[in-house]
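Any value given below was found using the heavy atoms of this structure, including those in side chains, with hydrogens, waters and symmetry copies removed. All chains are named by letter (A, B, ...) in the order of the sequence lines, taking the proteins before the strands, and each is independently numbered beginning at 1.
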There are 2 protein chains.
Amino acid sequence: MVRAPVGLLPMDADAVRGHLDGMLLAVLEDEPLHGYGIIEALHRRSGGALDLPTGTVYPALRRLERGRWIDGSWSTVGGRKRRTYTLTRAGQRELARRRSEWIRFSGVVGSVLGGTA
Amino acid sequence: MVRAPVGLLPMDADAVRGHLDGMLLAVLEDEPLHGYGIIEALHRRSGGALDLPTGTVYPALRRLERGRWIDGSWSTVGGRKRRTYTLTRAGQRELARRRSEWIRFSGVVGSVLGGTA
DNA sequence: AGCCATATGTAGCCACGCTACCTATACGAT
DNA sequence: ATCGTATAGGTAGCGTGGCTACATATGGCT
């Protein structure tokens with residue numbers, strides 16, 4: 001993956017906490033992707049703000065797979081092994097839940113934080 | 001503190017992570033408050049969504065005090081001891097920083113999460 | 001006397017994103 | 001041929017912070 005010459009600060013780790021799973025489900029909504037592709041998709045869709053290490057993403061994907069929200073399968077592309085993940089029905093429902101929770105959460109923080117509420 | 005008859009789900013703990021400090025600073029912007037009053041203010045300003053336990057708020061306040069973002073002082077009101085916190089200059093700057101970070105963060109999550117972007 | 005609201009605090013748990021590694025293949029440049 | 005980089009997957013262990021569960025104390029109401 002070719003990174004932008006940076007200039008963007010990475011998101012704070014604690015801030016991301018609890019919001020990663022929803023974002024992972026979201027990038028899988030349009031099309032199945034493998035881990036590395038997911039990291040790229042997050043980077044692209046965040047305008048370069050998210051540049052998540054594999055140590056964050058791969059364990060998270062295994063977690064989501066254990067929870068039956070995504071479904072992984074191995075394949076070989078160009079001599080390299082890939083694990084491609086697909087959103088399950090339960091994952092779609094979970095994504096919808098996460099989206100509405102995000103609306104609620106961001107509303108709460110916005111109103112408490114004020115200043116730009 | 002008299003709680004509403006509930007009906008509101010509490011915010012997820014992981015979601016709050018990393019966003020609490022900013023909210024604490026924000027409620028201290030208008031007026032100095034003691035811990036218990038801060039919990040009430042957060043409850044009020046969040047429309048009842050935030051009902052934070054003392055085990056969350058008191059350690060966070062000590063942390064902010066150690067960081068010189070707030071300044072605490074003891075007093076006695078109606079026979080009860082209070083520790084009242086005031087936002088410092090550094091705290092005001094930190095609050096501004098937190099606010100702009102929140103704008104950025106919520107923009108990023110919104111654009112990645114999509115659906116209602 | 002008992003209970004609640006007010007008020008502050010700590011010990012220890014747990015989840016999860018992170019750093020720092022490791023392995024492996026394909027391919028272009030030197 | 002060798003090196004570096006992009007692609008691709010993975011784990012062990014750390015740190016942190018919000019949480020549960022508790023402890024302490026006063027004032028006031030019944």
**Q** Can you tell me if B:Arg83 uses its side chain to pair, donor with acceptor, with the backbone of B:Gly72 under 3.5 Å?
**A** yes
**Q** Could you check whether any side-chain heavy atom of A:Tyr58 comes within less than 4.5 Å of a side-chain heavy atom of A:Tyr36, counting everything from C-beta outward?
**A** yes
**Q** Using a 4.0 Å cut-off on heavy atoms, which residues in residues 69-79 of chain B reach DNA chain D? List them by number, or say none.
**A**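 Within this stretch, B:Gly78, B:Gly79 sit under 4.0 Å of the strand.
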**Q** A:Glu40 has an atom CD; how far is it from atom P of D:dA6, in whole Å?
**A** 11 Å
**Q** In whole Å, what is the span from the CZ atom of A:Arg82 to the C1' atom of D:dA6?
**A** 12 Å
**Q** Within the side chain of B:Thr88, is there an N or O that forms a donor-acceptor pair under 3.5 Å with the backbone of B:Asp71?
**A**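 Not confirmed, B:Thr88 side chain does not pair with B:Asp71 backbone.
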**Q** Is it true that A:Arg98 and A:Glu94 have a side-chain N and a carboxylate O under 4.0 angstrom from each other?
**A**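 Answer for the salt bridge query: yes.
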**Q** How long is the span from the CE atom in A:Met23 to the CG atom in A:Leu28, to the nearest 0.5 Å?
**A**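 With rounding to 0.5 Å, CE (A:Met23) is 13.0 Å from CG (A:Leu28).
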**Q** Send over the distance from A:Lys81 NZ to C:dT25 P, rounded to a whole Å.
**A** 10 Å
**Q** Measure CG/A:Asp51 against P/C:dT19 and give the value in whole Å, please.
**A**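 These atoms are roughly 10 Å apart.
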**Q** Please determine whether a side-chain nitrogen or oxygen atom of B:Tyr58 lies at a distance below 4.0 Å from atom OP1 or OP2 of C:dG9.
**A** no
**Q** What is the distance, to the nearest angstrom, from the CG atom on A:Leu64 to the C1' atom on C:dA15?
**A**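 From A:Leu64 CG to C:dA15 C1': 14 Å.
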**Q** Below 4.0 angstrom, N of the basic side chain to O of the carboxylate: do A:Arg99 and A:Glu29 qualify?
**A**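 Salt bridge flag = yes for A:Glu29 with A:Arg99.
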**Q** What one-letter contact string describes nucleotides 15-25 of chain D from 5' to 3', where B marks a base within less than 4.0 Å of any protein heavy atom, S marks contact via sugar-phosphate atoms alone, and - marks no contact?
**A** BBBSBBB----
**Q** Donor-acceptor check, side chain of A:Ser46 to backbone of A:Ala49, threshold 3.5 angstrom: yes or no?
**A** yes
**Q** Rounding to a whole Å, what distance do you find between B:Ile39:CD1 and C:dA5:C1'?
**A**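 Computing the B:Ile39:CD1 to C:dA5:C1' distance gives 13 Å.
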**Q** With respect to the side chain of A:Arg62, which nucleotide from C:dA7, D:dT11, C:dG9 is positioned closest?
**A**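 Nucleotide nearest to A:Arg62's side chain: D:dT11.
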**Q** Whole angstroms only, please: what is the CD-C1' distance between A:Glu65 and D:dG10?
**A** 14 Å
**Q** Between A:Glu40 and A:Arg45, is the closest basic N to carboxylate O distance under 4.0 Å?
**A**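 No, no charged N to carboxylate O under 4.0 Å.
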**Q** Nearest 0.5 Å, what's the CG-CZ distance between A:Leu50 and B:Phe105?
**A**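 Going from the CG atom of A:Leu50 to the CZ atom of B:Phe105 covers 8.5 Å.
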**Q** What is the distance from CZ of B:Arg83 to P of C:dT10, rounded to the nearest Å?
**A** 11 Å
